[in-house]
Amino acid sequence: MRLSCLPLTTFKEVPAEAEVISHQLMLRAGLLRRLASGLFTWMPIGLRVLRKVEQVVREEMDRAGALELLMPAVQPAELWQETGRWDVYGNLLLRMRDRHEREFCFGPTHEEVITDIARRELKSYKQLPVNYYQIQTKFRDEIRPRFGLMRAREFLMKDAYSFHLDQASLNATYEAMAEAYARIFTRLGLGFRPVEADSGEIGGARSQEFHVLAESGEDAIAYCDADQFAANVEMAAALPPDTPRPAAGAAMERVSTPDTRSIADVAGFLGIPAEQCLKTLIVDAEDGGLIALVLRGDHELNTVKATALPGVSSPLSMASPERIQAALSCPPGFIGPVDLSVPVIADHSAAALADFACGANAVDWHLQGVNWGRDLPEPTTADLRNVVAGDPSPAGDGQLAIARGIEVGHIFQLGDKYSRSMQATVLDQAGKDVPMLMGCYGIGVSRIVAAAIEQNHDEHGIIWPEPMAPFQVILIELNPKKSAEVTAAAQAMYESLVTAGIDVLLDDRNARPGVKFADADLLGIPHRLTLGDRGLKAGAIEYRARRTGNEENIELNDVVKFLQTKVLAGAN
RNA sequence: CGGGGCAUGGCGCAGUCUGGUAGCGCAUCUGCUUUGGGAGCAGAGGGUCGGCGGUUCGAAUCCGUCUGCCCCGACCA
């Protein structure tokens with residue numbers, strides 16, 4: 001492609017609407033334009049990136065034996081009513097009516113449609129397993145679209161759905177998809193991690209998310225390199241400390257602590273570390289009463305774990321200050337587990353403390369030197385907290401670290417949820433109708449593009465991983481108006497690169513060198529060739545790698561060969 | 001949906017408090033000079049100041065109302 005034929009407008013300044021770096025850079029580089037909230041136009045160069053990602057996904061899905069098809073974006077309400085999701089899905093579903101007043105939605109996902117296909121097409125166990133996939137535009141009317149492509153309302157997704165006679169077959173395809181996903185993200189040149197995830201409402205046996213690691217990621221991931229453990233922070237178990245509780249060394253003492261409510265205040269006032277304090281949270285109980293959850297001062301409550309506790313109301317709700325005052329005769333901020341009139345559940349780490357400080361259940365008073373078993377009963381213990389860096393790995397070997405990630409893929413086992421409600425059955429060996437088991441496997445194709453930028457950029461712009469770069473090479477022709485020789489040489493070089501099958505962008509615009517260099521950096525094309533009169537005289541062209549900034553001069557005649565080894569080496 | 005912020009040429013902003021008929025930088029167009037990291041000079045085009053209503057002799061500016069966009073929370077590829 002010749003840049004002189006492409007109306008490309010790049011910005012020096014960051015558009016005010018963009019908050020995250022990927023969104024900013026895509027707007028500045030002219031890859032993306034916003035139409036409305038959560039709706040974007042992929043401009044020509046941006047679309048090339050999207051297509052390259054799509055192609056890698058497609059190749060690996062094909063290699064894993066999945067079958068590509070394409071379902072309609074618009075879906076009839078009847079299918080969604082069959083599974084009950086027409087009512088459950090709520091406002092995320094964009095609904096519409098046709099001229100006959102029939103109800104439709106713009107598909108946010110395709111379980112219903114694919115299950116309808118499966119029940120019509122698949123009649124015998126002999127046809128199983130089957131794994132169908134598509135790469136298609138989805139629409140989810142997100143409550144709050146944000147961060148550009150990261151949470152757009154309309155987005156490109158690869159969604160796959162597999163059908164099986166039995167669990168063993170489902171497991172096999174699930175594993176095959178996990179491997180295919182790992183290959184996809186590896187081929188795309190992304191730093192990623194598969195993590196154990198909450199299977200949530202769907203209730204399937206297994207679920208894994210694939211996260212691209214980036215500072216700006218929305219999700220916190222706990223992982224351990226020693227034993228390969230990785231899970232969403234919400235999902236990671238915090239093990240009880242393996243060292244026994246120290247012996248009590250201090251006598252319990254009531255201390256006046258005027259106006260010190262927060263852990264930070266208390267720890268500061270008493271001159272002790274936060275991990276020597278207890279934090280007592282009062283939550284509503286299922287039976288209408290209250291329950292006290294006790295954590296170490298430096299730990300955070302994990303709401304997923306807390307909700308799962310017997311007796312705790314679901315969803316979790318913190319008791320109001322009024323209820324606390326009424327039931328305990330003490331405002332929040334001075335509550336503690338000693339002589340507390342409601343049930344106490346302590347986190348393992350909190351239960352392992354000796355000589356700790358906590359609220360005295362009286363305004364402006366705390367207790368110090370408190371010990372379980374002596375000053376108050378041994379508590380019921382449970383895992384209540386989020387894991388923190390340095391915690392032992394639940395998999396048993398090594399310590400956890402915390403990283404941030406962007407979820408770009410999710411695989412899970414659906415079981416018979418949809419096949420049962422939609423009567424998608426096949427005849428088994430015994431000639432009996434049985435509902436098929438299903439798996440489902442998603443990849444956010446457009447989100448990958450944003451995630452790649454979040455992970456790969458510098459102060460000058462994007463640094464595309466080779467396999468998704470819009471072009472492999474940018475050829476900059478310096479001062480085209482000044483020298484006919486340079487122009488001729490650039491054209492000849494461009495032609496020979498194209499002939500060699502190299503994806504090259506020729507910057508033949510009549511612009512100053514600085515503009516071209518800046519745009520090349522902003523666009524993030526991995527390999528840059530610069531042809532100017534200076535080099536031409538010496539019979540050489542300058543090469544520069546976007547990521548490293550390394551430069552070298554290449555003989556004109558060697559350029560194609562040089563790039564083929566360089567570019568192809570990077571692409572596979 | 002709750003909370004906060006913003007809306008002025010394509011982009012970034014000033015002007016709003018204290019009403020007097022719109023300005024700066026970038027971008028765009030023309031010419032000349034320049035040309036290895038976002039050039040200089042001279043000129044040009046482009047804005048019903050988000051919409052509607054009100055106050056006023058007069059509204060970007062004050063009042064009301066609606067809309068759009070962005071950020072923080074619960075959801076998700």
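In what follows, chains carry the letters A, B, and so on, assigned in the order in which the sequence lines appear, proteins first and then strands, with residues in each chain numbered from 1.
For C69(B), the OP1/OP2 oxygens have no side-chain nitrogen or oxygen of R146(A) closer than 4.0 Å.
Counting any heavy atom pair closer than 4.0 Å across all strands shown, Y89(A) reaches no nucleic acid atom. In this structure, D219(A) reaches the bases: a heavy-atom distance under 4.0 Å links it to at least one base atom across the strands shown. Contact annotation for G532(A): base contact, defined as any heavy-atom pair under 4.0 Å involving a base atom. Using a 4.0 Å heavy-atom cutoff across all strands shown, A16(A) reaches sugar-phosphate atoms only and no base atom. Within 4.0 Å (heavy atoms only), V445(A) reaches no atom of the nucleic acid at all.
One side chain, S162(A) or Y441(A), offers a donor N or O that lies under 3.5 Å from an acceptor on the other. Neither side chain, T173(A) nor N131(A), offers a donor N or O lying under 3.5 Å from an acceptor on the other. Side chains of D159(A) and Y132(A): a donor-acceptor N/O pair is absent below 3.5 angstrom, by distance only. One side chain, H527(A) or Y543(A), offers a donor N or O that lies under 3.5 Å from an acceptor on the other.
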Between N or O atoms, less than 3.5 Å apart, protein on one side and nucleotides 29-32 of chain B on the other: list the pairs.
none

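Spacing of C1' atoms, A14(B) relative to A7(B), comes out at 15 Å, to the nearest Å. Only the C1' atoms considered, G50(B) is 16 Å distant from U16(B), to the nearest whole Å. For C66(B) and A74(B), the C1' atoms lie 28 Å apart once the distance is rounded to whole Å. When the P atom is compared between C70(B) and C26(B), the two are found 29 Å apart, to the nearest whole Å. Nucleotides A60(B) and U21(B) are separated by 10 Å at their P atoms, to the nearest Å. With P as the reference atom, G68(B) and U28(B) are 33 Å apart, rounded to whole Å. A distance of about 16 Å separates the P atoms of U8(B) and C62(B), rounded to the whole Å. Taking atom P on both nucleotides, C24(B) is separated from A42(B) by 14 Å, rounded to a whole Å.
Stacking of R193(A) on the aromatic ring of Y223(A) is recorded, both the 6.0 Å distance cut-off and the 45° axial limit being met. Taking the centre and axis of the six-membered ring of W86(A), the NZ or CZ atom of R95(A) falls inside the cone set by 45° and 6.0 Å.
The environment of CG in D558(A) is crowded: more than 12 heavy-atom neighbours from other residues, nucleotides or ligands sit within 6.0 Å.
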- Tell me, with the steps shown, if V504(A) and I474(A) meet side chain to side chain contact (heavy atoms under 4.5 Å, CB included). CA-CA 6 Å; V504(A) 59; I474(A) 183 166; over 6 Å; no

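Among the nucleotides C70(B), A74(B), C75(B), the one closest to any side-chain atom of R151(A) is C75(B). Out of C72(B), C75(B), C70(B), the shortest distance to the side chain of E17(A) is found at C70(B). Distance from the side chain of P15(A) is smallest to C11(B) among C11(B), A77(B), C76(B).
As the counterpart of G25(B), C11(B) is assigned, both hydrogen-bonding distances of the Watson-Crick or G-U wobble pattern falling under 3.5 Å.
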- Message: At under 4.0 Å between heavy atoms, how does the protein contact nucleotides 37-42 of chain B? Give one character per nucleotide, 5' to 3', with B, S or -.
- Response: BBB---

